[in-house]
Amino acid sequence: MTYFTFPEGFLWGGAIAANQTEGAYLEGGKGLTTVDIMPTGKNRWAIATGHVDSFKPIEGEYYPSHEAIDFYHRYKEDIALFAEMGFKALRISISWARIFPNGDDETPNEAGLQFYDDLFDELLKFGIQPVVTIAHFDVPLHLVEAYGSWKNRKLVEFFEKYATTIFKRYKDKVKYWMTFNEINMLLHLPFVGAGLVFKEGDDKLQIQYQAAHHQLVASSLAVKACHEIIPDAKIGCMLAGGATYPFTCHPDDVFRAMEKDRESYFFIDVQSRGEYPGYAKRFFKENNLTIKMEAGDEELLKKYTVDYIGFSYYGSRATSGDPEILKQITSGNVFASVENPYLEKSEWGWPIDAKGLRITANQLYDRYQKPLFIVENGLGAVDTVSPDGEVHDDYRIEYLRKHIIQMGEAIQDGVELIGYTSWGPIDLVSASTGEMKKRYGYIYVDKDNEGNGSLQRLKKRSFYWYKQVIESNGANLD
Ligand code: BG6
C-alpha cells in the first residue's frame, strides 16, 4: 500500500545522546558528569529528582553510562549501519564534559573536540546531516559541586563559552543545532534536566524556575552566537512533547489540561515567542516566586528566538480537575498522567497514542508557526533474539508505522515538518531507568541490565523495514 510521500529533503534518521551511548566515561580527558553518578536500581529515581548523597560513583553500584554501548570506540561501525538504512540525519549530543571537563576550564579539551570532528566527518562521508543537541542531560559534575549547577547564574557564562567553542569548531560541519534537550524535564527530573540538588527545607519551585530562567537566557545567547558564527545554520529548542487531554469534557478538566500543557509550553513560549507569558506571571505571583533577572535579559529573550521547534513524542497525557480522578495517576512515568482507558500501554506503562502525535504537532504549529522537527519517538520494549538468530520486533514496526502515518497526516494538515529522528536507532541505556533491556533500536546490542554481553550489533527486522521507509520517502510503510 502506498501512503503519503514526504516532502523532498525530509530528514529521516535517528536520535541518540552522548551519555546513553558513548561510554568511555573518563577517556580522552572527559570529566565526570551528572549522569555518571546515576546508578541503575532503586537509588536512581531519588538522584534523578535531586536527592544526591555522593558526588562520586559508589563502590558496588552499577553505572550504565560508564560503558554504555561503547559508541565512543564503535561509532564507525554504527554509522555504517545507519548509512545502510539510508539515514539522512543523525541526532547526537555533545558531552559538555568532553569539551570542558570541569565546565569552568580556561581552555577546551582538544581530544574531546577532535572526537566530535571525527564523528561528524564520518557522518558527512555518508551524506548524513548531524543534528546536534548542545546539552542532553549531562552537566559537568564539577559545576554541580562548585556552583550548584543551573541554580547559579554563572552557568549561563560557562554554557555560552561551551556553545561558542563548538559553533566555531564545527561551523562547516553542523547546520542543525538544539540548545537543551527536553528543557521542561527540569520540572520533573531536576537533577537530570539541570543538575539541581535539593536540601531539606529548600523552596524547590523557586529553585527550579530560577534555574529555568538561567537556561532560557543561556538558550538565547546560544541562538545569538549560532546565528553570528554559522549564518546558514538553524537552531531550535527541544520539548518533551505530548498533548494533555481532559479526562472528560467538564470545564474543570479542560482547564486543568490546558494548565498542564502550559507547564511545558512555558519554556517554548519564551524560547520561541521571546517573552514570559501572562499565565506564567500569574503562576509566579500566586506561588510567591520571584525570578531574579539581570538588566538586558528580557531584550535578549525577545531578540534571539529559536528557528524551529524540536520535540520528543512518546504518548499523550491525561488529567482531571477532580481530585478523586487524580488519584488514578499512573506511577513510574516521568510525566504523571491519569490513565486513558482508550489507549494501550507499553511494557513500561507508557501510553501508546499515534493520533496524539498528529494532535501535538498541530497544537505546536498552531501556537508557534515555526517549522517542527520530531527529534524523538519510539517504543521501548523487551526484545529477544530468537533461536534463528533474529529479532522479530514486529510490535516496534507497528508502533512506528502508526506514528509515521499520523506524521504524514499532520503534514497534510499544513504542519511544516523538517524531519523525523526516531529515538535510539541502536539499543542504548534508558534515561529514566538505566536499563538496557528497554530497547528502542533497529539494531540490537548484546548487553544486559547488569552490563554483561559482547556488545555485538545485530540488525532487527525493523532495520530492514525502516530502510524501506526511508528509501520510499515514507510512501512504503508495509
Ligand atoms: C527522552 C530523552 O526523555 O526520552 C531520552 O530525551 C530518553 O534521553 C527517551 O532516553 C526515552 O526515555 P527512556 O527513559 O525510555 O530512556
Side-chain angles (χ1 to χ4, degrees), residues 13-22 33-36 38-41 44-45 47-49 64-65 68-69 71 90-96 131-139 178-195 215 236-242 264 267-268 309-317 330-337 345-352 357 360 373-383 396 399-400 403 420-441 445 447 449:
I16 59 175
N19 75 83
Q20 292 167 265
T21 52
E22 286 177 5
T33 72
T34 43
V35 184
D36 294 329
M38 291 182 61
T40 47
R44 191 176 179 90
W45 190 260
I47 295 176
T49 50
S65 71
I69 58 159
F71 184 71
L90 182 73
R91 173 175 175 239
I92 66 137
S93 71
I94 291 181
S95 169
W96 188 347
V131 176
V132 175
T133 316
I134 301 171
H136 190 130
F137 294 166
D138 46 1
V139 182
M178 254 170 283
T179 53
F180 292 92
N181 179 63
E182 297 190 331
I183 190 163
N184 48 327
M185 192 57 82
L186 182 159
L187 298 178
H188 305 272
L189 300 178
F191 187 68
V192 172
Q215 289 199 340
C237 53
M238 192 328 196
L239 166 84
S264 295
F267 294 87
I268 313 302
I309 316 293
F311 69 104
S312 60
Y313 179 82
Y314 293 92
S316 56
R317 301 147 194 166
T330 49
S331 59
N333 274 357
V334 176
F335 287 86
S337 174
K345 285 187 282 184
S346 77
E347 286 163 289
W348 271 263
W350 292 20
I352 300 177
L357 176 57
T360 304
F373 197 160
I374 300 171
V375 293
E376 284 186 34
N377 170 238
L379 178 71
V382 177
D383 292 330
R396 178 166 297 108
Y399 175 101
L400 293 167
H403 284 77
Y420 176 77
T421 53
S422 65
W423 179 248
I426 181 164
D427 294 345
L428 39 68
V429 176
S430 158
S432 57
T433 69
E435 291 167 294
M436 262 312 292
K437 77 168 186 194
K438 191 179 187 190
R439 298 172 184 276
Y440 287 87
V445 175
K447 185 168 180 180
N449 281 353

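We count ligands from 1, going down the list as the structure has it; atoms in each ligand are counted the same way.
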Side chain to side chain donor-acceptor pair (under 3.5 Å) against S95, all qualifying residues, sequence neighbours excluded: none
Nearest non-hydrogen protein atom, atom 13 (P) of ligand 1: S430 OG, 3.5 Å
Test side chain to side chain contact (heavy atoms under 4.5 Å, CB included) applied to L379 and L400, step by step: CA-CA 8 Å; L379 178 71; L400 293 167; over 6 Å; no
Top protein contact for atom 11 (C) of ligand 1, by heavy-atom distance: Y440 OH, 3.4 Å
Protein residue, atom and distance nearest to atom 12 (O) of ligand 1, heavy-atom basis: W350 CH2, 3.4 Å
Distance from atom 10 (O) of ligand 1 to nearest protein heavy atom, with residue and atom: Q20 NE2, 2.8 Å
Aromatic ring pairing W423/H136, orientation class (parallel under 30°, perpendicular over 60°, tilted between): parallel
Plane angle bin for Y314 and W350 - parallel if under 30°, tilted between 30 and 60°, otherwise perpendicular: perpendicular
N/O donor-acceptor pair under 3.5 Å between N184 side chain and L239 backbone: no
For E182, side chain to side chain donor-acceptor pair (under 3.5 Å) partners two or more places apart: S312
Proximity to ligand 1 by part of N181, non-hydrogen separation under 4.0 Å: side chain
Protein contact of atom 3 (O) of ligand 1 - nearest heavy atom, named by residue and atom, plus distance: E182 OE1, 2.5 Å
Identity and separation of the nearest protein heavy atom to atom 7 (C) of ligand 1: A431 CB, 3.7 Å
Side chains of T133 and R91, donor plus acceptor under 3.5 Å: yes
Region of W348 engaging ligand 1 - heavy atom pairs below 4.0 Å: neither
From S430 atom OG to K437 atom NZ, the distance as rounded to the nearest 0.5 Å: 11.0 Å
Atoms in ligand 1 with a heavy atom of Y314 nearer than 4.0 Å: 4 (O), 9 (C), 11 (C)
Atom 2 (C) of ligand 1: the protein heavy-atom neighbour that sits closest, reported with distance to 0.1 Å: E376 OE1, 3.3 Å
M238 touching ligand 1 at heavy-atom level, < 4.0 angstrom: no
Distance from atom 14 (O) of ligand 1 to nearest protein heavy atom, with residue and atom: S432 OG, 2.5 Å
